[in-house]
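Below is one structure, written out as structure tokens, with a few remarks after it.
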Amino acid sequence: MASSGYYLVVLLFGLFMLMISFVESQTTDPNSEECKGKWVYVRKLPSSFNLDLLVNCSNYPLYDDFCPHLANHGLGHKTHNRSHSWFRTDPYMLELIFHRRILEYPCLTTNPVQADAIYLPYYSGIDAISYLYGSDVNSSAHHGLGLFDFLSNDSPEIWNRNHGFDHFLVMARPAWDFSQPLRNDPVWGTSFLELPEFFNVTALTLESRFWPWQEQAIPYPTSFHPPSVLLMESWIERVRRTHRTTLMLFAGGGGVSASPNIRHSIRVECENTTSGGGGGVGGNNFTISGSISKICEIVDCSNGGCDHDPIKYMRPMLQSSFCLQPPGDTPTRRSTFDGILAGCIPVFFEDSSAKTQYGWHLPEKQFDEFSVFIPKEEVVSRGLRIVDVLTSIPKSEVRRMREKVIELIPRIIYRRHGDSMGWRTKKDAFDIAIEGAIRRIKSRISVTSDS
Ligand SMILES: *[C@@H]1O[C@H](CO)[C@@H](O)[C@H](O)[C@H]1NC(C)=O
Ligand SMILES: *[C@@H]1O[C@H](CO)[C@@H](O)[C@H](O)[C@H]1NC(C)=O
Ligand SMILES: *[C@@H]1O[C@H](CO)[C@@H](O)[C@H](O)[C@H]1NC(C)=O
Ligand SMILES: *[C@@H]1O[C@H](CO)[C@@H](O)[C@H](O)[C@H]1NC(C)=O
Ligand SMILES: *[C@@H]1O[C@H](CO)[C@@H](O)[C@H](O)[C@H]1NC(C)=O
Ligand SMILES: *[C@@H]1O[C@H](CO)[C@@H](O)[C@H](O)[C@H]1NC(C)=O
């Protein structure tokens, strides 16, 4: 098995090199108006910071073999041989996906002095595995020091020009995994974001902390990576046309033990409405409107049961009006984006599940136009029933919300790399993340140069 991983990496590496030389031979006019204020320089890092970390993908201690997820530059294998857009994507591979996409960013420069932002192609989340699970578990504060050492010694003028404020990287995990206080071993997480050496960089994470400083959360990748606008639009048409026969759906695990929490409440409520034999029966006081034939459905994803198998949950999500997105170990979930992709209106139970996280991609001021908010305390402690809240929303309002959700789809997907024809006018999650990072960097540089 180790050798299959090895060949995969050799292949990946070859493709990367091909791509890099292709990019370098493409010279965008440095006076281009289109690229003004948007130039990105990709810092060349030793392969120990990225590709070497993939070589041992099948034998990281206490961590599953992730070699299969590396395929297609981090998109994973296709769900079926004939599939163009659907992959078995692991969200932790966003570092690879991002790296591949940036190589076709239209405003790359080979001159760091001209750059508005400097991208570090460091696979920080993969490098973190040995600190989270492996031999470096008692050395959290060392995560990142090697990188900083390189940046301060190899062409140090690139870092020094703006004290690192123009540097950014992707860290494809919740920021929590990188923000343990220094000298606090052995607890969960590395201290990368706590190191003063990296206070000035911008980190794009899957989830940000309560009071984020360096980081900004960007969408978890879903399994949908259409190669063309046409394929995206035909998916959106399908989402719009589908019959929603289930009122609400929860795809996930947890909540099985009796301890009170939101997942437990969801499970109880869902089992009750189901065993009651449908709406109105068993004391439930609501009317089932129109085409709804099922009140609640649970897709059991416990013990990783849905990982890398999007068919398991995408089909039920397509058939549901509302998708429940309760917090778990951390407040955010990939499922939020799978649900949006299916046109399923998200129901959140705390603001930190999305509203205070994904401001670049999900417009914070319009949250109640495309999502429902039910404070979890109301459900867990005060007996508020989710089904009562959802059935009280008028049908016309549900339709309006769903249309808003569908409008968000292009913003939260990561399109497939490669042929970028047709995408110039559509911005996907990657394009929005790059714009956001450049904006953030500009504002941080202007703040510090005034002080
Ligand atoms: C991969 O693992 C082997 C055995 O543990 C080790 O000898 C080798 O140095 C590792 N390779 C890289 C690139 O980390
Ligand atoms: C699909 O792919 C698998 C594995 O790559 C291969 O064994 C199989 O023959 C393919 N099937 C078709 C119909 O191409
Ligand atoms: C980490 O520290 C703990 C407690 O100090 C110790 O039990 C454990 O063996 C150490 N782990 C490693 C991999 O050194
Ligand atoms: C971060 O920026 C401050 C200026 O705001 C600077 O003094 C400090 O040296 C920078 N940190 C690093 C590691 O470059
Ligand atoms: C199911 O719902 C009925 C009516 O609302 C309620 O009386 C009963 O306690 C519920 N059962 C459970 C297990 O929550
Ligand atoms: C059901 O709803 C009706 C109308 O809203 C109300 O009058 C009635 O008391 C409710 N019944 C129960 C059991 O909650």
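We count ligands from 1, going down the list as the structure has it; atoms in each ligand are counted the same way.
- Close approach of ligand 1 to D52 (heavy-atom distance below 4.0 Å) involves ligand atoms 13 (C).
- When distances from atom 11 (N) of ligand 1 to the protein are checked, a heavy atom turns up under 4.0 Å.
- With a 4.5 Å cut-off on side-chain heavy atoms, L193 and M171 count as touching.
- Closest approach of M232 and F224 over heavy atoms only: CA-CZ, 4.1 Å.
- By the 3.5 Å distance cut-off applied to N or O atoms, N56 is counted among the residues near ligand 1.
- Under 4.0 Å from ligand 4, the heavy atoms of F165 that appear belong solely to its side chain.
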Problem set entry | Derivation and outcome, ring-ring contact (aromatic ring centres under 6.0 Å, His included), residues F49 and Y123 | CA-CA 6 Å; F49 292 110; Y123 300 162; over 10 Å; no
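- Distances from atom 14 (O) of ligand 1 to the protein include at least one heavy-atom value under 4.0 Å.
- Seen from the ring of Y220, R333 does not count as a face-on cation partner, given the 6.0 Å and 45° thresholds.
- Salt-bridge formation is not detected for the pair K38/D116: no Lys NZ or Arg NE/NH1/NH2 atom is positioned less than 4.0 Å from an Asp or Glu carboxylate oxygen.
- Taking the six-membered ring for Trp and the full ring otherwise, the centers of F430 and Y414 sit at least 6.0 Å from each other.
- Using a 4.0 Å heavy-atom cutoff, F198 is absent from the residues neighbouring ligand 4.
- Of all non-hydrogen atoms in P346 and V405, the two that sit nearest each other are CD-CG2, 4.0 Å.
- Within a 4.0 Å radius of atom 7 (O) of ligand 3, the protein contributes no non-hydrogen atoms.
- Scanning all protein heavy atoms for the shortest distance to atom 4 (C) of ligand 3 gives P186 CG, 4.1 Å.
- Proximity to E197 (heavy-atom distance under 4.0 Å) selects the following atoms of ligand 4: 13 (C).
- Inclusion of W159 in the set of residues having an N or O under 3.5 Å from an N or O of ligand 4 is warranted.
- Atom 3 (C) of ligand 3 has as its closest protein heavy atom N138 ND2, 3.7 Å.
- Residue S130 is tested with T190, N56, D136 for a side-chain hydrogen bond (donor to acceptor under 3.5 Å, both in side chains); the sole match is D136.
- Close approach of ligand 3 to V137 (heavy-atom distance below 4.0 Å) involves ligand atoms 11 (N), 12 (C), 13 (C).
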